[in-house]
Amino acid sequence: MNYKELINNFITDAIDKDLESGKHKKIITRFPPEPNGYLHIGHAKSICLNFGIALKYDGICNLRFDDTNPEKENIEYVNSILKDVRWLGFEFDEPLYASDYFDMMYDYAVQLIKLGKAYVDDQDAKTIKEFRGTLTEHGTNSPFRDRTIEENLILFQNMKGGKYKDGEKVLRAKIDMHSPNMNMRDPVLYRILHAHHHRTKDKWCIYPMYDWAHGLEDSIENITHSICTLEFEDHRPLYDWFLKQLKIYHPQQIEFSRLNLEYTIMSKRHLKLLVDENHVSNWDDPRMPTISGLRRKGYPPDAIREFIYSLGVGKNDGYASIEHLEYFVRKYLNKNSKRIMAVLDPVKLIIDNYDENKFEELEAKNNPEDDSLGFRKVTFSKELYIEKDDFMENAPKKYFRLSIGKEVRLLHAYYITCTHIEKDSSGVVKKIHCRYDSKTKGGWSEDGRKVKGTIHWVSAKHSINAKVKVYDKLFNKINPYDGDEKNDFIKHLNQNSLKLINNVKLESSMINSLKSEYYQFVRKGYFKMDKDADKDNLVFNQIVNLRDSWKKHTK
RNA sequence: UGGGGGAUCGUUCAAUGGUAGGACACAUGGUUUUGGUCCAUGGGAUCGGGGUUCGACUCCCUGUCCCCCAGCCA
């Protein structure tokens with residue numbers, strides 16, 4: 001991808017100006033996930049933006065774990081994030097950790113106390129909340145707000161030293177309890193948490209809050225542009241205030257609107273709920289909007305990147321459509337998948353004038369637009385399977401497929417004409433009898449005879465059994481939160497989001513199918529073998545179906 | 001009159017005082033050994049009302065609607 005031209009938005013406009021004015025020479029961005037869950041496609045936007053900008057300007061993008069809350073974070077999440085960012089195609093040096101800066105952050109806090117800009121508050125959480133005021137009423141100063149610097153220094157040291165229980169004291173910035181911006185009403189800087197941290201172990205029992213930590217992390221790493229989502233816009237005055245008080249290097253925070261995808265949710269907390277309550281199998285369930293879910297489903301990273309960059313970056317909130325994402329998935333897969341024939345809903349087709357014991361190895365192209373993907377042999381014989389819906393007894397005029405008396409092409413094989421059918425007692429078609437034209441081998445005729453329909457097939461005797469999983473949208477509503485209490489989104493879960501198809505027949509060449517490979521099941525869709533599948537249990541996930549303009553006619 | 005942000009085709013992003021454009025979606029036609037791909041064509045928008053200007057999506061005034069903020073989460 002050509003990142004120089006790929007990304008152009010209001011953020012790169014700002015960067016261009018900073019480069020022109022000489023404010024910066026080298027651009028440094030960062031992607032700062034909290035390791036408290038798996039990354040989702042919303043994070044992919046931030047990743048593509050931050051790493052993309054670094055690539056565009058020959059700069060650097062740090063991968064930094066914002067691991068300031070040990071109660072929710074763990075190493076499993078750290079590892080998944082590392083894997084997902086790399087899988088998306090971005091490279092980084094050793095990952096960085098906010099927890100590596102805990103000593104520095106502590107020292108800065110001491111400095112802030114010495115400046116008379118921070119104090120230890122003995123009020124409990126409930127009282128602090130009460131004193132904070134409301135959106136329309138200003139707050140009230142804490143009775144502990146005017147402690148001396150000396151006292152604050154000792155108290156803060158005692159907090160660090162473990163002399164108090166969780167929640168007994170906090171360190172707060174001394175800003176303005178009358179500020180119309182709630183974030184400026186003496187925000188908490190440190191809370192007491194006697195918790196085991198996955199990296200610093202038991203060294204600390206006080207942990208910094210986001211607002212305190214984030215600007216310091218950015219400053220320490222010499223980040224030039226700290227790009228975050230819109231909900232932090234209100235926090236920017238605080239971000240700026242801290243760095244100004246401390247007189248340290250001051251990155252610029254710029255906010256953009258986060259990515260929303262139709263029919264799904266992007267809250268890590270809520271995605272975790274879906275996992276914990278078994279609404280999905282795990283974080284990598286192919287129905288999840290997580291990077292690991294999309295990977296398991298078979299979405300190529302290139303397609304995800306192209307999708308993200310096609311969206312652009314702005315400050316409007318809105319929803320990206322599933323179709324838009326699927327367009328890029330199909331676009332990539334059309335070029336990069338091998339075609340094979342698979343029958344998902346089989347019915348027997350018998351070629352009455354073909355010898356019982358004969359079979360032929362016919363040559364088939366793996367990708368009609370790209371010879372470099374090679375050729376393969378498919379086995380043809382007297383008894384085949386075709387899709388049930390490729391035959392209709394009473395076909396409408398524009399139906400191009402098989403029906404009694406009509407001729408179609410079997411892809412890569414022969415022209416066949418249907419002569420008669422066999423049904424069971426309840427009228428279900430059990431066998432379709434045809435005759436083939438031996439002069440049409442390969443699927444074309446010298447006489448220029450026109451055959452409108454082409455259908456796929458597999459040889460019954462040579463076929464391989466498999467299972468297929470087809471996925472639909474996770475929720476029934478574009479915005480699962482719409483009009484409800486925040487936690488009612490569960491009731492909008494699509495109960496039919498997973499369909500298991502058991503009796504799938506694959507062409508014989510699939511005996512050597514690979515987990516790493518993308519396949520197009522001709523006329524059906526794109527598929528990839530599930531990570532838990534094996535030779536004895538072939539399971540394919542449908543990545544996305546093929547566009548189907550016939551379906552529109554039938555409606 | 002609490003603060004902050006936003007409003008352009010159905011969706012998403014452009015146009016930075018000078019012909020409102022692209023992509024997806026949709027529609028029509030063509031090509032085709034996938035009713036896929038590809039190609040061509042078409043319909044379709046500046047939140048409302050004033051103002052400044054030769055000229056306004058852009059600047060000013062005013063109104064309306066939407067999103068975010070009252071964690072010792074990030």
Side-chain angles (χ1 to χ4, degrees), chain A residues 8-10 13 32-34 36 66-69 71-73 121 123-126 128-130 132-139 166-172 179-185 187-193 206-207 209-211 213-214 228-237 255 257 262 268-269 307 310-321 323-328 330-331 334-335 339 341 364-365 367-369 398-401 409-413 415 440 442-444 451-456 520-526 545-553:
Chain A
N8 285 299
N9 52 53
F10 75 101
D13 287 348
E34 184 192 8
N36 67 341
D66 213 356
D67 54 350
T68 56
N69 184 359
E71 292 185 322
K72 292 185 176 172
E73 299 155 5
D121 195 344
Q123 294 183 118
D124 62 21
K126 189 165 167 279
I128 287 180
K129 182 183 163 73
E130 280 165 15
R132 185 149 36 222
T134 69
L135 295 178
T136 52
E137 296 163 299
H138 63 70
D166 285 8
E168 207 173 316
K169 284 181 168 45
V170 288
L171 183 74
R172 300 178 73 181
S179 172
N181 182 344
M182 300 292 284
N183 297 124
M184 300 299 270
R185 320 239 262 231
V188 172
L189 269 41
Y190 274 94
R191 77 281 214 185
I192 298 170
L193 237 44
I206 58 171
Y207 290 92
M209 299 287 291
Y210 170 85
D211 283 311
H214 206 89
C228 62
T229 44
L230 248 29
E231 68 269 27
F232 293 102
E233 223 153 6
D234 283 353
H235 296 245
R236 178 154 32 91
E255 310 85 8
S257 62
E262 288 178 345
K268 269 192 279 186
R269 196 163 62 84
F307 165 69
S310 79
L311 255 22
V313 178
K315 297 185 79 152
N316 299 346
D317 41 31
Y319 283 83
S321 69
E323 288 93 337
H324 194 71
L325 172 55
E326 288 182 340
Y327 167 81
F328 291 99
R330 291 194 187 99
K331 184 180 167 191
N334 179 51
K335 288 207 182 313
R339 265 116 258 232
M341 292 194 284
K365 213 172 180 180
N367 187 318
E369 291 161 26
K398 288 202 161 179
Y399 185 79
F400 304 148
R401 286 110 95 164
R409 170 168 39 236
L410 292 175
L411 185 64
H412 307 305
Y415 288 4
T440 58
W444 61 280
V451 176
K452 188 80 175 163
T454 300
I455 64 174
H456 61 281
Q520 184 197 103
F521 291 3
V522 176
R523 299 209 305 135
K524 284 290 156 188
Y526 295 99
N545 61 341
L546 249 36
R547 289 190 54 164
D548 184 0
S549 56
W550 168 245
K551 205 180 270 175
K552 289 169 198 160
H553 285 283

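On a predicted model such as this, the values are computed, not experimentally measured, just so you know. Below, chain A is the first sequence line, B the second, and so on; all start at residue 1. FYI, side chains are in, hydrogens and waters are out, and symmetry mates aren't considered; it's all heavy atoms of this structure.
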Using a cut-off of strictly less than 4.0 Å, decide whether A:R191 has a side-chain nitrogen or oxygen near OP1 or OP2 of B:A74.
yes
Results of salt bridge (charged side-chain N to carboxylate O under 4.0 Å, His left out) for A:D67 - residues two or more places apart only
none
From the candidates B:G35, B:U34, B:A74, the one with an atom nearest any side-chain atom of A:N69 is B:A74
In terms of the nearest nucleotide of RNA chain B, which residue is placed more toward the 5' end: A:N9 or A:E34?
A:N9
Taking the side chain of A:I128 as its heavy atoms from C-beta onward, which of B:A25, B:C72, B:C73 lies nearest to it?
B:C72
My understanding is that only residues two or more places apart in sequence, or in another chain, count here; which of them pass salt bridge (charged side-chain N to carboxylate O under 4.0 Å, His left out) with A:R236?
A:E255
List for me each residue that meets salt bridge (charged side-chain N to carboxylate O under 4.0 Å, His left out) alongside A:E233, sequence neighbours excluded, and say none if there are none.
A:K315
Phosphate oxygens OP1/OP2 of B:U32: is one of them under 4.0 Å from a side-chain N or O of A:T454?
no
With A:E34 via salt bridge (charged side-chain N to carboxylate O under 4.0 Å, His left out) - residues at least two apart:
none
With a non-hydrogen cut-off below 4.0 angstrom, is A:L135 in contact with a base, only sugar-phosphate, or nothing?
base
Using a 4.0 Å heavy-atom cut-off, does A:H235 contact any base of the nucleic acid, only the sugar-phosphate backbone, or nothing at all?
base
Under a 3.5 Å cutoff on both atom distances, Watson-Crick or G-U, what's the dot-bracket for RNA chain B ([ ] crossing, | other strand)?
.((((((..((((....[..)))).(((((.......)))))....(((((..]....))))))))))).....
Look for any protein N or O under 3.5 Å of an N or O in nucleotides 40-44 of chain B and output each such pair with its distance, or none.
none

Using only side-chain N and O atoms of A:K129, determine if any of them is under 4.0 Å from OP1 or OP2 of B:C72.
no
Short side-chain to backbone donor-acceptor contact, A:S257 and A:N316, under 3.5 Å
yes
Closest to the side chain of A:D234, out of B:G4, B:U34, B:A70, is B:G4
If you compare every side-chain N and O of A:R132 against the phosphate oxygens of B:C69 (OP1, OP2), does one of them come in below 4.0 Å?
no
For nucleotides 26-31 of chain B, give me every protein contact, N/O to N/O, under 3.5 Å, one pair per line with atom names.
{"residue": "B:C26", "atom": "OP2", "partner": "A:R547", "partner atom": "NH2", "Å": "3.0"}

Contact class for A:F400 vs. all strands (heavy atom < 4.0 Å): base, sugar-phosphate, or nothing?
base
For A:E137, give me all partners under side chain to side chain donor-acceptor pair (under 3.5 Å), at least two apart in sequence or on another chain.
A:T134
Gap in Å between the two P atoms, one belonging to B:G5 and one to B:C60, rounded:
14 Å
Criterion side-chain hydrogen bond (donor to acceptor under 3.5 Å, both in side chains) against A:N545, the qualifying member of A:E326, A:K524, A:R330:
A:R330
Holding to side chain to side chain donor-acceptor pair (under 3.5 Å), I want the full list of residues that pass it with A:K365, two or more places apart in sequence or in another chain.
A:D371
What is the distance from CZ of A:F328 to P of B:C13, rounded to the nearest Å?
14 Å
With A:D124, which residues qualify under side chain to side chain donor-acceptor pair (under 3.5 Å), at least two apart?
A:T127
Distance-only donor-acceptor test (3.5 Å): side chain A:R401, base B:G35
yes
Start at the 5' end of RNA chain B and walk down; is the nucleotide closest to A:N8 or to A:V522 reached first?
A:N8
Tell me every residue that passes side chain to side chain donor-acceptor pair (under 3.5 Å) with A:T440, counting only those two or more places apart in sequence or in another chain.
none
Any A:S310 side-chain nitrogen or oxygen under 4.0 Å from OP1 or OP2 of B:U12:
no
Could you write nucleotides 6-11 of chain B as a row of B, S and -, 5' to 3', where a protein heavy atom under 4.0 Å of any base atom gives B, of only sugar-phosphate atoms gives S, and otherwise -?
SSS--S
Taking all non-hydrogen atoms of both residues, which atom of A:H235 and which atom of A:D211 are closest, and how far apart?
ND1-OD1, 2.8 Å
Categorize A:D124 for me: base, sugar-phosphate, or nothing, with a 4.0 angstrom heavy-atom threshold over every strand shown.
base
Can you check the A:R185 CZ to B:C69 P distance for me, whole Å?
15 Å
Heavy atoms only: give me the nearest A:Y190-A:M209 pair and the separation to one decimal.
N-CG, 4.3 Å
If only side-chain N and O atoms count, and only distance matters, is there a donor-acceptor pair under 3.5 Å linking A:N36 with A:R269?
no
